[in-house]
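Here's the structure we're looking at; comments come further down.
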Amino acid sequence: MGALGKNSRGGKRGPSFSWTSTITILIFIAFCAFGIYILTSSASSTAAQRRSDISLSSDRRASRFDLKEPKSALDDSAVQSESGASEEDSSETQPQQTNGEEETQKQGDKGSSSGIESQEQIEHDTDGTGEENNDSQNQEQSQVDGTVADEESGKSEDKLAPETEQSQDSTDRQSDEDEKKQNEEEQKPEQAEEENGNNSHQPEQQIEEVDGRFENQPGSQLVDDETTHTTKSDDGVINPATSLPFSDDQLENPSNSGDNRPQENQEVHPLNEEGRKENEEEQQQSGISKGNPGNEASFIGYEWELCNVTAGADYIPCLDNEKAIKKLNNFKHYQHRERHCPEESPTCLVPLPTGYKRSIEWPKSRDKIWYNNVPHTKLAEVKGHQNWVKVDGEYLTFPGGGTQFIHGALHYIDFLQQSLRTIAWGKHTRVILDVGCGVASFGGYLFDRDVITMSFAPKDEHEAQVQFALERGIPAISAVMGSQRLPFPSKVFDLIHCARCRVPWHADGGLLLLELNRVLRPGGYFVWSATPVYQKLKEDLEIWKAMSSLTKSMCWDLVTIKKDKLNGVAAAIYRKPTSNECYDNRKNQSPPMCEEEDDPNAAWYTPLKACIHRVPTDASERGTKWPMEWPQRLKTPPYWLDSSQAGFYGKPGPLDFKSDYDHWKQIVTKSYLNGLGINWSKIRNVMDMRAVYGGFAAALKDMKIWVMNVVNTDSSDTLPVIYERGLFGIYHDWCESFSTYPRTYDLLHADQLFSKLKER
């Protein structure tokens, strides 16, 4: 180089000197070029060898899970392409290794450019992993993945040769490649894990092998032979921070997992801090609490807590809402005993009473229950002498009496039948309402007369009276006659009974008695056996006078007053009119007639009104005729079901009714009674949470059970059909808690209920 500089500055030389100088310069340049090539080639070879070692380590780390797959489920070419490709690469020439870097870089650029598409595919794959629990499917998938990986390996080898020649001829691109090397080193571990399906877990977590078998799919997390892989701590507890709900199979068969907690799916996220935070946010939005995973009350990452309320084991959310009750300004109409549901439905567990035992089976339960199941003694202390309830060792016993029928409920029931023959228990009279039922002995013994009774009383100072009834196996609900309508349709009860119930019927313009008039069937009876009927005390005489005036203005006919000499009580029996003639001929229109816009069947959070609904007169209307005698009414479509109108399932009304009856009769006979593994001898209290026409309850007619038929408030109003066929039920909105005590029902039946609620 120094001679060239000198020559450039010197003058003209002779020919001989010029040729010699030129040859010398060319030789010198050749040596310099050869030295530069040796230096650069050596540096590239060293870097490529280092990257090849990294790639080999990553491939082996990822492929060791696949090697544990049974050999019968893997193809030889798949194993070689996934676990042996890195060893073949290590024996290739140095230029080929250099081009391997360029190929890896191009693949990384390609992967980053399609990030949105790949992420969507990952989420799609993740949604499906919770349901892929079949071993044969996993094995077939691994074979497919192995073949694809083998084809990709072959394509990469075909590309190596031309790219190697380009790298040898392009020494001026070394500076650009040096800048890419650092990026490649950072991307290499991540790319290796993406290619082997390991991008579903956090870097700091360790994957635990389950049965030594995994399925390795690009773009999805590792899947074991049961459902999905989970991250666990040293003590084997699932980490809720990365868990999601498990499969339907595990929910239906929790015993399959033995003593271990159910396995859960992992959300697939990029390997960075942002992905981890996003996963936690999604879990919080879906209602999954992270809690203490070691607590035995933890379920799917949610830690169930005991309800922290003063009601304890008797907690009824919509009746024990102390926060809402404190805000009430008026208790005049027993508003504090009505429904006041919390704004957010409680997600807590109601504890069992200490010493709780499985309920005594019917019919023994009518006479005695376990004391520890309903450990309340106030009624026994106050009403024990009247044969309501008594404490007998570890039992609470019920002699079958009450304030009005001390010598037994059956004697009292027969006394009413003798007082008015047309009552005809179990034939003409089938469905009755017992107001202020106490411990519901009246309804409990009416089963012997083939009559079902909807008993109700408030949750008040008469401690746990409705809970006693339910524990005995007698239908009852916790409700009060206050400021709102009862949750029943109009004109449905054959008879309404009130024995010594201290309800102020005559107050507020007869507001409460008019509510009974709404739900009583035209021609139905109201039986009132209270002290004003037979005692001569001043207070009783005043109440009787006011009651007589009110019932006369309501056009109720006082059919008879009979006295029971054995019990020392009497009963007054009234009958509701079957026409509007009396209403139209009243001199004093008080109580007034209800407006035509007032729907008598509106009964969910509907305020009471002191008015009278007119009796239907059209022969096709419900209420103009008495139902057929029991049990014929059970399977006969009501006369008022219109054939010209579609029923609940879309068929003409009577045909719709018959199809529903036949359907449930077949299902119950062929499946429910024999195929579900239920010991029906231990079943007494049943609820049909979406009853429609009551076909399920009708199919269980001959069983010693009773069914509470529930019709949702936003569904078609089929509850009148249920009453017409001699069954009973109630309106309810399943977005709120049901007003009953804990541990009420032995069996809940929900046909397509949850799918309908999901639509809401």
Considering all heavy atoms, the nearest [X]-[Y] contact:
X      : Y      : value
Asn685 : Leu470 : ND2-O, 3.1 Å
Ile722 : Gly694 : CG1-N, 3.8 Å
Lys609 : Asp598 : CD-OD2, 3.7 Å
Leu608 : Gly482 : CD1-O, 3.2 Å
Ser739 : Ile316 : CA-CG2, 4.1 Å
Leu433 : Met454 : CD1-O, 3.2 Å

*asked:* Apply side-chain contact (heavy atoms from CB on, under 4.5 Å) to residues Phe456 and Val480 and explain how you reach the verdict.
replied: CA-CA 8 Å; Phe456 79 92; Val480 65; 5.9 Å; no

For the pair [X] and [Y], name the ring-plane relationship: parallel under 30°, tilted 30 to 60°, perpendicular over 60°.
X      : Y      : answer
Phe442 : Phe405 : tilted
Tyr723 : Phe493 : perpendicular
Trp626 : His428 : parallel

Is it the case that the side chain of [X] and the backbone of [Y] share a donor-acceptor pair, with hydrogens and angles ignored and the cut-off at 3.5 Å?
X      : Y      : answer
Asn567 : His407 : yes
Ser715 : Asn712 : no
Arg586 : Pro591 : yes
Asn679 : Ser681 : yes
Thr624 : Glu621 : yes
Thr636 : Gln632 : yes
Asp434 : Gly443 : no
Glu338 : Gln484 : yes
Asn387 : Ile406 : yes
Arg518 : Ile612 : no

Do the numbers put [X] on top of the ring of [Y], so that NZ or CZ is under 6.0 Å from the six-membered ring centre and no more than 45° off the axis?
X      : Y      : value
Arg500 : Tyr412 : no
Arg725 : Tyr693 : no
Lys635 : Tyr661 : no
Arg366 : Tyr445 : yes
Lys625 : Tyr639 : yes

*Passes ring-ring contact (aromatic ring centres under 6.0 Å, His included), Trp388 versus Phe398? Steps please.*
CA-CA 6 Å; Trp388 276 39; Phe398 302 86; over 10 Å; no

*Test Asn674 against Lys670 for side-chain contact (heavy atoms from CB on, under 4.5 Å), laying out the working first.*
CA-CA 7 Å; Asn674 300 313; Lys670 295 185 177 181; over 6 Å; no

*asked:* Could you walk me through whether Thr713 and Tyr605 satisfy the side-chain hydrogen bond (donor to acceptor under 3.5 Å, both in side chains) test, starting with their C-alpha distance in whole Å, then the side-chain angles of each, then the deciding distance to 0.1 Å, before giving a yes or no?
replied: CA-CA 11 Å; Thr713 55; Tyr605 289 115; over 6 Å; no

*asked:* Does Trp505 form a side-chain contact (heavy atoms from CB on, under 4.5 Å) with Trp528? I'd like the steps, not just the answer.
replied: CA-CA 11 Å; Trp505 300 118; Trp528 187 39; 3.8 Å; yes

*Go through Phe488 and Trp604 one step at a time and tell me if the ring-ring contact (aromatic ring centres under 6.0 Å, His included) criterion holds.*
CA-CA 9 Å; Phe488 312 118; Trp604 189 248; over 10 Å; no

What I want to check is whether the side chains of [X] and [Y] have a donor and an acceptor closer together than 3.5 Å.
X      : Y      : value
Asn601 : Arg485 : no
Tyr649 : Asp660 : yes
Ser483 : Gln335 : no
His411 : Asp564 : yes
Glu471 : Ser359 : yes
Gln467 : Asp314 : yes
Asp717 : Tyr731 : yes

Side-chain ion pair, [X] and [Y], N-O less than 4.0 Å:
X      : Y      : value
Asp320 : Lys459 : yes
Arg339 : Glu736 : yes
Asp494 : Arg521 : yes
Asp557 : Lys576 : no

_Looking at Tyr334, I'd like to know if its OH atom is crowded, meaning that more than 12 non-hydrogen atoms belonging to other residues, nucleotides or ligands lie closer than 6.0 Å._
no

Only pairs under 3.5 Å count here: list side-chain donor-acceptor contacts from residues 747-754, not counting sequence neighbours, and write none if there are none.
from: His749; atom 1: ND1; to: Asp688; atom 2: OD1; distance (Å): 3.0
from: His749; atom 1: NE2; to: Tyr672; atom 2: OH; distance (Å): 3.0

_Would you say that Ile561 contacts Leu558 through its side chain, given a criterion of any heavy-atom pair below 4.5 Å between the two side chains?_
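Yes, side chains in contact.
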
_Cys611 and Leu514, any side-chain heavy atoms less than 4.5 Å apart_ =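 No, side chains not in contact.
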
_Worked check of side-chain contact (heavy atoms from CB on, under 4.5 Å) between Ile474 and Trp362_ = CA-CA 9 Å; Ile474 302 172; Trp362 181 269; 4.2 Å; yes

_Among Arg430, Lys427, Lys701, which residue satisfies the salt bridge (charged side-chain N to carboxylate O under 4.0 Å, His left out) criterion with Asp450?_
Arg430

*asked:* For Phe738, run the side-chain contact (heavy atoms from CB on, under 4.5 Å) check against Asp733, Thr744, Val710 and tell me which one passes.
replied: Val710

